[in-house]
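Heads up: the structure comes next, in structure tokens.
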Amino acid sequence: MVANASPAFASPTQARKADHLRICLEEDVRFRETTNGLERYRFTHCCLPELDFDDIDLTTSFLGKSLGAPLLISSMTGGTDRAKTINYRLAEVAQHYRLAMGVGSQRVAVENPEVTDTFAVRSVAPDILLFANIGAVQLNYDYGLEECRRAIESIEADALILHLNPLQECVQSRGDTNFRGIIDKINDLCYKLPVPVIAKEVGNGISAKMAKRLMEAGVSAIDVAGAGGTSWAKVEAKRAQDVKQRRLGTLFADWGIPTAECIVGVRSIDSEIPLIASGGLRNGLDAAKALALGANLAGLATPFLKAASESTDTLHELVDLLQSELATVLFCTGNGSIAALQGSDALAKTDF
Ligand SMILES: Cc1cc2nc3c(=O)[nH]c(=O)nc-3n(C[C@H](O)[C@H](O)[C@H](O)COP(=O)(O)O)c2cc1C
């Protein structure tokens, strides 16, 4: 069992963040049976692309910033020395390929400002599209405009992600479970903050109905973070110190809306909202399917974490591979650009 707080860390939040990193790197925390749903779709092969592979264009833009590829390094970490190394490696590679990146929840830095530098990656990534991150439920636990502003300004972020994690909070021992009235607080922040607000789950998905409420509250973008990849119920079950929490985490390990279903759902109610697909995307083919279903960006967490924990070279290899896989889909569906793929009918639902 993993201790909740270790004397080596300044606060329980810092110890929890260290546990999350270690567990996600060393243990099997994937959903057991629930998949991301993308296996139900197949691209129609184009035997005559009428394209030169070397001209395939992966560039795109999101929230007004141009990107080298429609890829997001999803929000993960910060707050410890190990997290700092990982964040800086991720940021360096994001800068190199002009990818978007999110840092992990900055609660630990709001509580202990001395660890702010573990998130502040602008020194190595001056140009990237960078997302700050705070748990939305914290708005019911003494966080407000001031704390959110600090999270944004301390890392010079382009937007703020408010993550929604009700299941994780239920499974966590002494989790923050009062979500009452959060939507009004999100609404208030959307109109008062100087940067766009993105609503994001952490791996259990956002339904069409909830996306509609969030859009009405004023969020500028949505990251569905659906089921099928990292199961946070499972992660918290592995940290649990009592039988009840461990049982909860184990029972709910497969809870959530598969990522593909979330993308289709959100797009069925709004064709314009900037949309990020994440949750169980593991390669460029998954990313391409998510984009063809209607997402504007494909976010990956665990694959980037594993590569970053090895080396910057391994991260370069991963991004190279993801880009090649994406380009191969574009080429073999006869689409020369991401926009062409998104506007095409190349993706079909299979019967099974
Ligand atoms: C180690 C780790 C820490 C994470 N911490 C956060 C976080 O602080 N804030 C957040 O919004 N999501 C966090 N996530 C969730 C991811 O951003 C993502 O939504 C989720 O893991 C699903 O993506 P995946 O299946 O590619 O791992 C974390 C994920 C990992 C692996």
Side-chain angles (χ1 to χ4, degrees), residues 13-14 16-31 34-38 71-80 82-83 86-87 90 100-110 118-119 131-138 151 155 157 159-169 172 176 197-206 221-236 238-239 253-260 262 276-284 286-287 290 295 297-309 318 322:
T13 310
Q14 207 179 20
R16 188 167 63 244
K17 293 290 132 186
D19 283 353
H20 287 161
L21 262 193
R22 189 190 57 70
I23 291 168
C24 288
L25 280 168
E26 294 173 13
E27 304 204 33
D28 179 1
V29 288
R30 289 168 301 180
F31 278 74
T34 306
T35 65
N36 62 26
L38 293 167
L71 294 173
L72 164 70
I73 299 172
S74 287
S75 315
M76 280 184 282
T77 199
T80 62
R82 189 183 194 189
I86 287 171
N87 269 343
L90 291 170
M101 173 177 166
V103 297
S105 169
Q106 291 167 263
R107 178 178 173 188
V108 64
V110 173
T118 64
F119 295 91
F131 301 147
N133 191 296
I134 290 284
V137 74
Q138 296 313 314
I155 67 162
L160 172 68
I161 287 178
L162 288 177
H163 71 256
L164 303 159
N165 63 340
L167 177 60
Q168 184 185 12
E169 297 290 352
Q172 217 169 78
D176 296 328
V197 171
I198 303 171
K200 170 184 180 295
E201 240 286 347
V202 300
N204 303 110
I206 295 181
I222 287 178
D223 181 342
V224 298
T230 306
S231 164
W232 278 92
K234 227 168 153 182
V235 174
E236 295 298 348
K238 290 187 187 289
R239 292 183 67 245
D254 269 303
W255 178 272
I257 314 167
T259 300
C262 295
I276 304 171
S278 72
L281 308 188
R282 293 294 171 258
N283 52 54
D286 284 343
L297 278 191
L300 291 78
T302 312
F304 279 116
L305 177 64
K306 291 195 167 154
S309 75
L318 173 63
L322 291 171

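In each ligand, atom 1 is the first atom listed, and ligand 1 is the first ligand listed. Keep in mind that what you see is a predicted model, and the values were worked out from it rather than measured. Heads up: numbering here begins at 1 and tracks the sequence.
Checked against side chain to side chain contact (heavy atoms under 4.5 Å, CB included), S105 has the following partners two or more places apart in sequence or in another chain: K17, R107, N133, H163.
When all heavy atoms of L164 and A136 are compared, the pair lying nearest together is CD2-CB, 3.6 Å.
A side-chain donor-acceptor contact under 3.5 Å links T118 to the backbone of G79. Using a distance-only test at 3.5 Å, with no hydrogens or angles considered, a donor-acceptor pair links the side chain of E169 to the main chain of D176. Between the side chain of E201 and the backbone N or O of N204, at least one donor-acceptor pair lies under 3.5 Å.
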List of N/O pairs, ligand 1 versus protein, all under 3.5 Å?
unit_1: ligand 1; atom_1: 5 (N); unit_2: M76; atom_2: O; d: 3.0
unit_1: ligand 1; atom_1: 8 (O); unit_2: S105; atom_2: N; d: 2.8
unit_1: ligand 1; atom_1: 9 (N); unit_2: N133; atom_2: OD1; d: 3.4
unit_1: ligand 1; atom_1: 9 (N); unit_2: N133; atom_2: ND2; d: 3.4
unit_1: ligand 1; atom_1: 11 (O); unit_2: N133; atom_2: ND2; d: 3.0
unit_1: ligand 1; atom_1: 11 (O); unit_2: K200; atom_2: NZ; d: 2.9
unit_1: ligand 1; atom_1: 12 (N); unit_2: K200; atom_2: NZ; d: 2.9
unit_1: ligand 1; atom_1: 14 (N); unit_2: S75; atom_2: O; d: 3.1
unit_1: ligand 1; atom_1: 17 (O); unit_2: S75; atom_2: O; d: 2.7
unit_1: ligand 1; atom_1: 17 (O); unit_2: K200; atom_2: NZ; d: 3.0
unit_1: ligand 1; atom_1: 19 (O); unit_2: K200; atom_2: NZ; d: 2.9
unit_1: ligand 1; atom_1: 25 (O); unit_2: T230; atom_2: N; d: 3.1
unit_1: ligand 1; atom_1: 25 (O); unit_2: G280; atom_2: N; d: 2.8
unit_1: ligand 1; atom_1: 25 (O); unit_2: R282; atom_2: NH2; d: 2.9
unit_1: ligand 1; atom_1: 26 (O); unit_2: R282; atom_2: NH1; d: 2.9
unit_1: ligand 1; atom_1: 26 (O); unit_2: A301; atom_2: N; d: 2.9
unit_1: ligand 1; atom_1: 27 (O); unit_2: T230; atom_2: OG1; d: 2.5
unit_1: ligand 1; atom_1: 27 (O); unit_2: T302; atom_2: N; d: 3.3
unit_1: ligand 1; atom_1: 27 (O); unit_2: T302; atom_2: OG1; d: 2.7

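Other residues, nucleotides and ligands place no more than 12 heavy atoms under 6.0 Å from the CZ atom of R30.
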